[in-house]
Amino acid sequence: CLLLFAAHGCGGGSTDQSTDGSDDKQPSKPGSEATAPASNGPIEPLRFKTGQNNYTMTVDGRRRRFIVHVPSGYTPDTPAPLVLVFHMTAHNGGYAYETTKWREQCDKESCIAVFPTAMSYFVIQKNTEQTKWNDVSLSQLVPPDTPLADDVKFVREMVETLKATF
C-alpha cells in the first residue's frame, strides 16, 4: 500500500461548524454515512461502494469524519495507492472532496482518496469557530485550556482502518 499526502490550500475564512465538527457541510451528493468500528480490539474492515463513502469514527471520545472515494475500477484483490487530502482552515473534507480534482485523478489512476475533516475551534483572532488541524500554532490561536484533538492519532487510526479495508 502506497500512501500519499495532499494538502488543499492555505488560508482561512469562517465556518458555522459546531465544536465537535458534527455539522460538516457535506458534498452536494452525499453517500450514506457509516460509523467506523471503535479502535479497541481487532480492526474490522469498512463496508464500501464505488464512489463516495462517508464515515465517522470516535477517537479519544471525539467524533471524527472522513470521506473515502473508491475508484470505479477498484477490485479488492489489487493493491491501490491511498491519497490523503487535507483541507485548509475553515473548511472540511466535504469541501476538499468537491473542490479538488483528486476524485477524478484517482478514477484515472485507480487510487483511493481520503478526505478527513479537522475539528472546529473558537479562534480568538477571528472571533469565530473554524476548523483547524492541530499543528504547533493551534494552542496560541484558541482560548487557554481549550482541549485540542490529537489529529495524528486520528489519522493513524483512520489509516489502520483503511489498511484493514483496502
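Model, not experiment: these values are computed from the prediction.
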Practice prompt. Would you confirm whether Thr131, through its side chain, and Ser120, through its main-chain N or O, come within 3.5 Å as a donor-acceptor pair?
Written response: no

Item to complete: With sequence neighbours excluded, tell me which residues meet salt bridge (Lys or Arg N to Asp or Glu O under 4.0 Å) with Glu109.
Response: none

Worksheet item: Quick one: do the Gln130 and Thr89 side chains pair a donor with an acceptor below 3.5 Å?
Response: no

Worksheet item: Between atom OG of Ser110 and atom CD of Gln105, what is the distance when rounded to the nearest 0.5 Å?
Response: 10.5 Å

Worksheet item: Going by heavy atoms in the side chains, are Cys106 and Ile112 under 4.5 Å from each other?
Response: no

Practice prompt. Mark yes or no for whether Arg103, through its side chain, and Tyr97, through its backbone, hold a donor-acceptor pair below 3.5 Å.
Written response: yes

Worksheet item: Has the side chain of Thr146 got a donor or acceptor atom that lies under 3.5 Å from a matching backbone atom of Val142?
Response: no

Fill in: Side-chain donor-acceptor pair present, Gln125, Asn127, cut-off under 3.5 Å
no

Worksheet item: Would you call Glu160 and Lys163 a salt bridge, taking side-chain N to carboxylate O under 4.0 Å as the test?
Response: yes

Fill in: side chain to side chain contact (heavy atoms under 4.5 Å, CB included) evaluation trace for Val123 with Thr128
CA-CA 6 Å; Val123 178; Thr128 190; 5.6 Å; no

Worksheet item: Is it the case that one hydrophobic cluster holds both Tyr121 and Leu141, taking links as side-chain heavy atoms less than 4.5 Å apart, direct or via other members?
Response: no

Worksheet item: Would Asn54 and Arg65 count as a side chain to side chain contact (heavy atoms under 4.5 Å, CB included) if you check the C-alpha gap in whole Å, the side-chain angles of each, and the deciding distance to 0.1 Å?
Response: CA-CA 7 Å; Asn54 296 336; Arg65 293 177 182 258; over 6 Å; no

Response to the item:
dist Thr100:OG1 -> His87:NE2 (nearest 0.5 Å) comes out at 12.0 Å

Worksheet item: For Ala164 and Ile43, which heavy atoms make the closest approach, and how far apart are they?
Response: CB-CG2, 3.6 Å

Worksheet entry | Donor-acceptor under 3.5 Å (Thr117 side chain, Asn92 main chain) | no

Discussion item. Contact between Val68 and Thr165 at the side-chain level, heavy atoms closer than 4.5 Å - yes or no?
Written reply: no

Practice prompt. Using atom types as modelled and distance alone, determine if a side-chain donor or acceptor of Asp60 lies under 3.5 Å from a backbone N or O of Arg62.
Written response: no

Discussion item. Do Val114 and Val83 make a side-chain contact, defined as non-hydrogen atoms from C-beta onward lying under 4.5 Å apart?
Written reply: no

Practice prompt. May I ask you to check whether over 12 heavy atoms, not counting those of Asp77, lie within 6.0 Å of atom CG?
Written response: yes

Discussion item. Using side-chain heavy atoms (C-beta onward) and a distance below 4.5 Å, is Pro116 in contact with Trp133?
Written reply: yes

Discussion item. If you define the side chain from C-beta out and look only at heavy atoms, does anything of Ile124 sit under 4.5 Å from Pro143?
Written reply: yes

Worksheet item: Does one side chain, of Asn53 or His69, offer a donor that lies under 3.5 Å from an acceptor on the other?
Response: no

Worksheet item: What residues form a ring pair (Phe, Tyr, Trp, His ring centres under 6.0 Å) with Phe66, not counting sequence neighbours?
Response: Tyr55

Discussion item. Within the 4.5 Å heavy-atom criterion, are Phe115 and Phe86 side-chain neighbours or not?
Written reply: no

Worksheet item: In terms of the angle between their ring planes, are Phe166 and Phe48 parallel, tilted or perpendicular, with boundaries placed at 30° and 60°?
Response: tilted

Worksheet entry | Under the side-chain contact (heavy atoms from CB on, under 4.5 Å) test, residues paired with Asn134 that sit two or more places apart | Leu138, Leu148, Asp151

Practice prompt. Would you give the length of the straight line joining atom OG1 of Thr56 to atom CZ of Arg64, rounded to the nearest 0.5 angstrom?
Written response: 11.5 Å

Worksheet, complete the sentence: Only residue of Val59, Asp150, Val152 satisfying side-chain contact (heavy atoms from CB on, under 4.5 Å) with Glu157 is Val59

Item to complete: Please check if the side chain of Thr50 supplies one atom and the backbone of Val70 the other of a donor-acceptor pair under 3.5 Å.
Response: no

Worksheet item: If you round to the nearest 0.5 Å, how far is CE of Met119 from CZ of Arg63?
Response: 10.0 Å

Discussion item. Could you go through Met158 and Leu84, starting from their C-alpha distance and side-chain angles, then the distance that decides it, and tell me whether this counts as side chain to side chain contact (heavy atoms under 4.5 Å, CB included)?
Written reply: CA-CA 10 Å; Met158 181 181 62; Leu84 298 177; 4.0 Å; yes

